[in-house]
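So the structure is just underneath, and the comments pick up after that.
First the proteins, then the strands, lettered A, B, ... as listed; each starts at 1. It should be emphasised that the depicted structure is a prediction, and the values quoted were computed from it without experimental measurement. Below, each value reflects all heavy atoms present in this structure, side chains not excepted, and no hydrogens, waters or symmetry copies.
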Amino acid sequence: MSQTGSQSPDRVSTISTWQQQPDNIVDGAESRPTVSVGEHSLASVGEAGPEQKSEQVTSERPTDEQILAQENQIKAEEAQRHSLIGGIEPLSALAKEYEAGSSVFVNKIKTVEASYRAIRRARGDGNCFFRSFVFAYMEQLVNLQDLPERNRVVTCIRQWEKKLVEAGFEQLVFEDPQMIIIDQLNSLGTLDPLKVSVLESNMLDAELANQVVMYFRMLTSAAIQLRADFFAPFIMGMTDEGLTVEQFRRRCVEPMGEESDHVHIVALTDALQVPVRVVYLDRSLNVMAGGFGGGDSSAQVNHHDFIPETAPSAATATAKPLIPRVHLLYRPGHYDILYPI
Amino acid sequence: MTDQASLLLKKQLKELTKRPVDGFSAGLADDVNLFEWNVTIMGPPDTLYEGGFFNALLSFPNDYPQSPPTCRFTSEMWHPNVYTDGRVCISILHNPGDDPHGYEVASERWSPVHTVETIMISIISMLSSPNDESPANIDAAKQWRDDREGFKRKVARIVRKSQEML
């Protein structure tokens, strides 16, 4: 077994102590602990009450500086281990990592294999949802040469220009990232269309890729602002402090590296009108509605479909149920791309 | 990395030249270097700093806007959130992984949406309302808390000084 393979099960089993239930946002938005950024093993430490000053409990609790140093070290290790976006791998590669670990994971991966042929990993740097989402969506457009959908999303992105300004973003901040995205989309159907290999190298190029992530973070933030009344109660319940919508946008959405939660996904899928399916790979044994899998309840895999709320499909002649365009695999604290069979 | 940063800084320079913003003025420190800016901050009205003209140097990293610039007053400054060497210590100028205020203090950190304008607005707001809970200049913070009169006198002196330097 490889070095990486033998480490992962430990890492993941630490994560899973928080076992979250994949739920509809209505009752599940608060399920993720407030301390995150991919530094799972620190969760319990970080959750200590704010009144607990580090000086008083130095023997049990590391100092803030130590926690930050460890976080940064984990990030650096992660950066060495995974590129921003990986290549396509069979799911068996993922199963291998858990062979020495949890049998629940191994069984669940088998269930996932019945519906999905492969996985593509994103670096666990807190931006993995955005990277995975954008890559999977654009790759599908490229593979299917789906020009109607391309036209729709380009129009949609252009319509967001005004709303981004209204949400408080300066045009000069988002116009370049927006152009990078639209230029790639618009090349489809031309003599020199975007290819998956070019998309891959663009998303591996930190400067380009981070601008794309930054754009979609702004879009998500603006979408949350636009429906502030809808999101406020979920945001309020996510942390002990009860963040306002404005604070949440500034602290948890706009900064790079802040992890995404249900609120982010709902906002982005609504903003772009792109339905997303998230498949949950965790240690939960509950048999949930909406899951799939065989009779063995330990191998039951839950998923949740994020279907845009304001879907205009009913108004058009092509009214049909919105099937997910993007499939993501969620392991507590992390998102990767899944490829349906 | 520098392409995006240069482009974005150039745009901001053009925009701020065309449409100046109340409360500060900004330009390049050296005409050939987009990454070093001189800014002059007008002491905000109805504060102790009113009437002052404070110069500061904004230095942008090559990976701006992924990482924040640093801001250092070159004019004399006396403020709980400004180090004695002039460096400004406000949360938005720190990356999430680089926070001198500690791990648990939830405050707004750097994000790529910030521009010279929004940074200056934050610094002007810092002048209006010092935060003595996480001071950069402990003596200034102590004086702000315990000897407000002395603090006012000291600030009045640096305001006068800044006017003489004009």
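- Within residues 213-223 of chain A, the residues having any heavy atom less than 4.5 Å from a heavy atom of chain B are, in residue-number order, A:Met214, A:Met218.
- Within residues 39-55 of chain B, no residue approaches chain A closer than 4.5 Å by heavy atoms.
- Both the backbone and the side chain of A:Gln211 come within contact range of chain B, with heavy atoms under 4.5 Å apart.
- More than 12 heavy atoms of other residues, nucleotides or ligands sit less than 6.0 Å from atom CD1 of A:Ile182.
- Along residues 14-31 of chain B, the residues that come nearer than 4.5 angstrom to chain A, judged on non-hydrogen atoms, are B:Glu15 in order of number.
- Exactly one residue among B:Ser111, B:Pro112, B:Ser67, B:Pro65 makes a side chain to side chain contact (heavy atoms under 4.5 Å, CB included) with A:Met256. That residue is B:Pro112.
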Side-chain donor-acceptor pairs under 3.5 Å in residues 170-180 of chain A, sequence neighbours left out?
residue, atom, partner, partner atom, Å
A:Glu170, OE2, B:Thr115, OG1, 2.4
A:Gln171, NE2, A:Glu161, OE1, 3.2
A:Glu175, OE2, B:Lys11, NZ, 2.8
A:Asp176, OD1, B:Lys11, NZ, 2.9
A:Asp176, OD2, B:Lys11, NZ, 3.1
A:Gln178, NE2, A:Glu161, OE2, 2.9

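- For chain A, the nearby parts of B:Gln12 are the backbone and the side chain; heavy atoms of each come within less than 4.5 Å.
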